[in-house]
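Only a predicted model underlies this, so the values are computations on that prediction, with no experimental measurement involved. Counting begins at 1 with the first residue of the sequence.
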Amino acid sequence: MGLKHLLPVACAALAVTLAPPAGAETTAQIMPATIKMLSHAVSVRTAQGNGKVPELAKYFADKLKAAGFDAADIKIIPVGETAALTVRYQGTNDAAPIVIIGHMDVVPAPNAKAWKYPPFELTKANGSYYGRGVADMKGSVVTLVQTFMRLKREGFQPERTIVMALTGDEETNEFTIQKVAERYKNADFLLDAEGGGGVTDAHGNPVMYGVEAAEKGYTDFLLTTTSPGGHSSEPSAEHNAINRLSAALDRIAAYHFPVRHNEVSLTTLRTMAEHRPQGELTKAMRVFAANPDDASAAKVLTHDRSTVGLIRTTCIATELDAGHARNALPEKATANINCRVFPGATIKQVKNALIKVIDDDSVKITRRPPKQPPGPISKPRPDVMKVITATVHERYPKLEVVPMMIGASTDMKYTRLAGIPSYGIGPFFVNFTQVHAHGINEQLPAGEIKHGLDFWHSLIPRLGKL
């Protein structure tokens, strides 16, 4: 789901600069082609229901073939109306491959008239590029594709095989990542070109670089109540489907799931505390990171929306549907409960907790598709952190690079379940409150496209030598 609500094991590494290959192209030379590709990618409406992902996959595939990739190393995997694209950059040894993933699909832009600029046209204004997907995540994908093309033209030869896999339904059903995970379950590790990345303050100054090593699971439950109905002039509160559903929702809203933690979530809180103004919340972050059994700190974190997800599973009502006429008693009422499940908890545990909290047998609770299982954490690997840190330090030599846990959801849940160590990175530095991913006026600072190209062109050769 794009550049995810970034909630920033620091890793020290030497900022080693690799010598460019013979015949190297400059970033400036490929910028025009990159912007042209990004403009086309934004124009292809790859939201669910349009059937346009295969079209974009073919466009990328054709460009990669023209850059020198063998057709046998490029696969388009159809899945219903969507597709995945895989590109194999063959290495010289037989070591397990490294996989880099991203997604080609986007969320819709239903309120296009509210945008400053047309959402499916790339527009440069006020120092940013505007358009659906520039931040989540066609900007990352295009700079990655362009770098694969650039390295192939330059004659770069990795020692380790590197696979680029672009999925087509990360924002919805995530069927394509399951195909990719099955195909590359023996990969040494995987990098997702979203989920992590560079964080700036409101003035554009770098704060830290996060490597996503854990994320919350995602699941929805449908609550349903029914009643006989009847005329509204003869009300019966205790038999009213809306009243009973409302009571259930109130109980869920007041409930707090048990406090949980892991090494990545504690690192996230500790690092966040170092980059925040002093105050009660910052103190609670620091105290909890040092002692997760501190109930007072947990209470403070629980009552702040930015930190509750870092210490607990959360469930919240997101949709309601009830009644059939203004002058009739409701025969049915439903509500969607969206849960973000802490790593290590199970869907069964969450459902059982909701049943106990609701404490009303007349409220039916049903898990809704897509039935995404929560994944484990990926313990930070020193070799992976080292090459990422070295790449980040080329731009910001002393910047802190840290593992983190996010409350949002990415394709990595499936790759982790397949046993592949998976880490979310990202080529850009942004203030995540300003890019409006999934929202109106989605944008990306214009200069980040150049930096994205530099990032991949530095990182991929390092990966090829691991």
From CD1 (I388) to CZ (F455), nearest 0.5 Å: 7.0 Å
Under 3.5 Å donor-acceptor, T219 side chain and C339 backbone: no
Calculate, to the nearest 0.5 Å, the distance between atoms CG and CG belonging to L166 and L144 respectively. 6.5 Å
SB check R286 E274 (cutoff 4.0 Å): no
Are Y209 and F429 side-chain neighbours, meaning at least one heavy-atom pair lies under 4.5 Å? yes
Please determine whether side-chain contact (heavy atoms from CB on, under 4.5 Å) holds for the pair I365 and K351, giving the CA-CA distance in whole Å, both sets of side-chain angles, and the decisive distance to 0.1 Å. CA-CA 8 Å; I365 179 168; K351 183 176 181 179; 4.0 Å; yes
Taking all heavy atoms of V180 and all of A84, pick out the closest pair and write down the distance. CG2-CB, 4.2 Å
Minimum-distance pair of heavy atoms, taken over all atoms of A187 and V99: CB-CG2, 3.8 Å
Passes side chain to side chain donor-acceptor pair (under 3.5 Å), T167 versus D411? Steps please. CA-CA 9 Å; T167 63; D411 274 339; 2.8 Å; yes
Under 3.5 Å, side chain of S422 to main-chain N/O of I420, donor-acceptor pair present? yes
Could you tell me whether the side chain of E81 and the main chain of Q48 form a donor-acceptor pair under 3.5 Å? no
Exactly one candidate in I252, V350, T366, I355 meets side chain to side chain contact (heavy atoms under 4.5 Å, CB included) with F221; the answer is V350
Is the closest side-chain heavy-atom distance between I77 and R183 below 4.5 Å? yes
Carboxylate-amine/guanidinium contact E121 K116, below 4.0 Å: no
Near N327 CG, under 6.0 Å, is it more than 12 heavy atoms from other residues, nucleotides or ligands? yes
Could you give the distance from OH (Y129) to CG (L122), rounded to the nearest 0.5 Å? 6.5 Å
If we only count heavy atoms from C-beta on, is the D192 to T415 side-chain gap below 4.5 Å? no
side-chain contact (heavy atoms from CB on, under 4.5 Å) against D201, all qualifying residues, sequence neighbours excluded: H203, N205, V207
Restricting to pairs with a member in residues 435-447, which pass salt bridge (charged side-chain N to carboxylate O under 4.0 Å, His left out), not counting sequence neighbours? R132-E442
Have T313 and R340 got a donor and an acceptor in their side chains that come within less than 3.5 Å? no
Any luck finding a side-chain donor-acceptor pair between T46 and K138 under 3.5 Å? yes
Please test N262 against R260 for side chain to side chain donor-acceptor pair (under 3.5 Å), starting from the C-alpha separation and ending with a verdict. CA-CA 7 Å; N262 56 50; R260 287 181 172 268; over 6 Å; no
Any donor and acceptor pair, going by atom type alone, linking the side chain of S378 with main-chain N or O of P421 inside 3.5 Å? no
Kindly indicate whether the side chain of E171, heavy atoms from C-beta on, has any atom under 4.5 Å from the side chain of D169. no
Pairwise distance NE2(H103) to CG(L85) - rounded to 0.5 angstrom: 14.5 Å
Polar side chain donor-acceptor pair, T334 to T224, under 3.5 angstrom: no
Does the side chain of N126 come under 3.5 Å of the side chain of S128 through a donor N or O and an acceptor N or O? no
Begin from the C-alpha positions of I460 and T147 and carry the test side-chain contact (heavy atoms from CB on, under 4.5 Å) through to its verdict. CA-CA 9 Å; I460 292 174; T147 302; 3.9 Å; yes
Do T34 and L453 come close enough that some side-chain heavy atom pair is under 4.5 Å? yes
Closer than 3.5 angstrom, by distance alone: can the side chain of R45 be matched with the main-chain N or O of K52 as a donor-acceptor pair? no
Side chain to side chain contact (heavy atoms under 4.5 Å, CB included) with E215: of M412, M404, M405, only one passes, and it is M412
Roughly how far, to the nearest 0.5 Å, is the CH2 atom of W456 from the CG atom of L463? 8.5 Å
T200 and N431 side chains, donor-acceptor separation under 3.5 Å: no
Could you go through the ring-ring contact (aromatic ring centres under 6.0 Å, His included) check for H451 and F428 one step at a time? CA-CA 7 Å; H451 291 304; F428 306 134; 9.4 Å; no
Does any non-hydrogen side-chain atom of I101 lie less than 4.5 Å from one of L191? no
Residue pairs passing the ring-ring contact (aromatic ring centres under 6.0 Å, His included) test with at least one member in residues 258-305, sequence neighbours excluded, are H256-H303
Name all residues meeting the ring-ring contact (aromatic ring centres under 6.0 Å, His included) criterion together with Y117; count only those two or more places apart in sequence or in a different chain, and write none if there are none. Y130
Please identify each residue that fulfils salt bridge (charged side-chain N to carboxylate O under 4.0 Å, His left out) with K379, with sequence neighbours left out. E263
Please answer whether the main-chain N or O of T346 pairs with a side-chain N or O of Q349 as donor and acceptor at a distance below 3.5 Å. yes
Closest approach of L329 and P235, non-hydrogen atoms and distance? CD2-CA, 4.2 Å
Distance-only, no hydrogens or angles: does the Q434 side chain make a donor-acceptor pair with backbone N or O of V430 under 3.5 Å? no
How long is the span from the OG atom in S296 to the CG atom in D294, to the nearest 0.5 Å? 5.5 Å
One pair to check against side chain to side chain donor-acceptor pair (under 3.5 Å): T282 and R276. What are the steps and the verdict? CA-CA 7 Å; T282 301; R276 283 181 47 86; 3.1 Å; yes
M164 versus L64, closest heavy-atom pair with distance: CE-CD1, 4.0 Å
Who passes salt bridge (charged side-chain N to carboxylate O under 4.0 Å, His left out) against R381, sequence neighbours left out? D188, D383
Within the structure provided, determine whether V308 and L301 are in side-chain contact (heavy-atom separation under 4.5 Å). no
Mind listing the closest non-hydrogen atom pair of A83 and M104 along with its distance? O-CE, 3.7 Å
Under 3.5 Å donor-acceptor, N173 side chain and F175 backbone: no
I would like to know whether V142 and I449 meet side-chain contact (heavy atoms from CB on, under 4.5 Å); could you show each step before the answer? CA-CA 9 Å; V142 165; I449 298 297; over 6 Å; no
Least distance between heavy atoms, P343 atom then I377 atom: CB-CG2, 3.9 Å
Any I337 side-chain heavy atom under 4.5 Å of D220 side chain: no
Please determine, by modelled atom types, if E400 and T271 share a side-chain donor-acceptor pair under 3.5 angstrom. no
Is it true that N338 and T318 share a donor-acceptor pair across their side chains at a distance under 3.5 Å? no
Between T225 and R244, a side-chain donor and acceptor under 3.5 Å: no
